[in-house]
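Since the structure comes first, as structure tokens, the remarks are kept for the end.
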Amino acid sequence: MNEFRKAREDYEATPIPQELEDRVRAGIRQGKANYRRQRWRKYATGAAACLVVLVGALNLSPTVAAAAAEVPVLGGLFRILTVRDFHGEEDGINYDISVPGVEAEGGLAQRVNDVIQEKVNAHLAKAQQDWEDYKEAFFATGGTQEEWGGRTMDVVVDYEVKSQTDTRLSFVVTFGEGWVASMEETYCYNLDLAEARDITLAELLGENWVERCNETVRAGIAASVDEEGFTFFFAPEEGGFATVDENTAFYIREDGVPVLVFPRYSIAAGAAGSPEFPVEGE
């Protein structure tokens, strides 16, 4: 039996006290073995980035809502403005939040900003509720103030522009939450601002884009197998990679190459991170 399959089965079989079931089960299941208790830090490299629009309706303090700046970083048909920037602690939650927004003519930028705003609202509200539920469950099940020991939660919202031209913008959005359990959600946006539309893999790779992407991912997985036959990737029958589709996330590199992005734990063990596969020329 593949050791990761057994590890996942053992993890799912771990008993959870009934009194914690409703409050922390989802967070604990996201914790996954060696990723527990890891603190989130400011992501300086890789895909740890995000673009968000944060509004006063968020359930955050005035300090968060008031931390605003405008820093244009792109020209041409569009620019990115930093509309919120907050790094600090409040009620046991360490916030590491940078919030830009796309400004461009037409409705595409506003549509994208509105979608991301909803995700940010939901992410921060969930993090705050998770933290309150965890504290309540901790003390309700016999935990003491001494055992609590000043525990904190880390909440990250940040962004990274992957590529841009005069008319095109590609960026990655990541939301992070870290405490006794951790989660990471990544969203990719690839926009043609001149034509006010999303850019697709089919457009970039042609009509056989599914086959090209699948071949790339399978080749990458095969290359990850070491001389003893070990790989972090799950077999297809164990919930591993099967195929790409229209919902597969990707960003566009500066050289125009699309890079497929898979969520952590979706096709591989947590140690593999969020696997990425550049789909280069045929």
Side-chain angles (χ1 to χ4, degrees), residues 40 43 47-87 93 95-130 155-177 183-204 245-252 258-263 274:
W40 288 87
Y43 296 154
C50 79
L51 180 143
V52 296
V53 175
L54 190 64
V55 295
L58 293 179
N59 185 25
L60 288 176
S61 73
T63 305
V64 178
E70 293 191 357
V71 183
V73 296
L74 295 178
L77 296 179
F78 56 90
R79 61 178 178 168
I80 291 182
L81 301 178
T82 301
V83 295
R84 295 288 187 277
D85 193 34
F86 177 77
H87 309 279
I93 300 178
Y95 293 98
D96 197 357
I97 298 174
S98 296
V99 183
V102 177
E103 182 180 272
E105 301 243 346
L108 178 61
Q110 187 60 53
R111 174 176 63 80
V112 171
N113 288 343
D114 288 345
V115 169
I116 297 172
Q117 174 183 313
E118 293 178 4
K119 295 183 187 301
V120 148
N121 290 349
H123 173 61
L124 295 177
K126 178 181 180 299
Q128 292 166 347
Q129 190 61 56
D130 284 346
V155 176
V156 171
V157 174
D158 200 358
Y159 77 99
E160 182 180 15
V161 176
K162 291 296 187 177
S163 66
Q164 75 264 359
T165 67
D166 287 341
T167 61
R168 186 189 73 199
L169 172 64
S170 180
F171 60 90
V172 176
V173 179
T174 299
F175 303 95
E177 176 184 315
M183 60 79 65
E184 178 181 318
E185 293 182 343
T186 301
Y187 300 89
C188 298
Y189 294 87
N190 305 285
L191 310 178
D192 185 324
L193 278 302
E195 299 185 14
R197 62 179 178 81
D198 297 310
I199 300 171
T200 67
L201 284 169
E203 172 188 349
L204 295 172
D245 58 27
E246 291 82 358
N247 296 316
T248 299
F250 73 97
Y251 63 83
I252 304 171
V259 179
L260 308 178
V261 180
F262 293 89
S274 298

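Everything quoted here is computed from the prediction, not taken from an experiment.
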Is any side-chain heavy atom of [X] less than 4.5 Å from a side-chain heavy atom of [Y]?
| X | Y | result |
| --- | --- | --- |
| Y251 | T186 | no |
| V161 | S170 | no |
| E185 | H123 | no |
| K119 | V173 | no |
| V157 | F175 | yes |
| L204 | F250 | yes |
| V156 | I97 | no |
| F262 | T248 | yes |

Approximate separation, where rounding is to 0.5 Å, of [X] [atom1] and [Y] [atom2]:
| X | Y | atom1 | atom2 | answer |
| --- | --- | --- | --- | --- |
| D96 | F86 | CG | CZ | 10.0 Å |
| K162 | I252 | NZ | CD1 | 12.5 Å |
| L124 | E177 | CG | CD | 9.5 Å |

Using a distance-only test with no angle check, is there a side-chain donor-acceptor pair under 3.5 angstrom linking Q110 and D114?
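The criterion, which ignores hydrogens and geometry beyond distance, is satisfied for D114 and Q110.
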With no hydrogens and no angle check, just 3.5 Å: does a side-chain donor-acceptor pair link E184 and S274?
yes
Does N247 have any side chain to side chain contact (heavy atoms under 4.5 Å, CB included) partners at least two apart in sequence or in another chain, and if so, which?
D245
Test of understanding: with side chain to side chain contact (heavy atoms under 4.5 Å, CB included), list the residues that count as partners of T200, not counting sequence neighbours.
A202, E203
Ionic contact status for D192 with R168, cut-off 4.0 Å
no
R111: partners by salt bridge (Lys or Arg N to Asp or Glu O under 4.0 Å), with sequence neighbours left out
D198
Should Y189 and V115 be marked as a side-chain contact (heavy atoms from CB on, under 4.5 Å) after you check the CA-CA gap, both sets of side-chain angles, and the distance that decides it?
CA-CA 11 Å; Y189 294 87; V115 169; 3.9 Å; yes
Given N113 and V102, is the side-chain contact (heavy atoms from CB on, under 4.5 Å) satisfied, shown in steps?
CA-CA 7 Å; N113 288 343; V102 177; 3.9 Å; yes
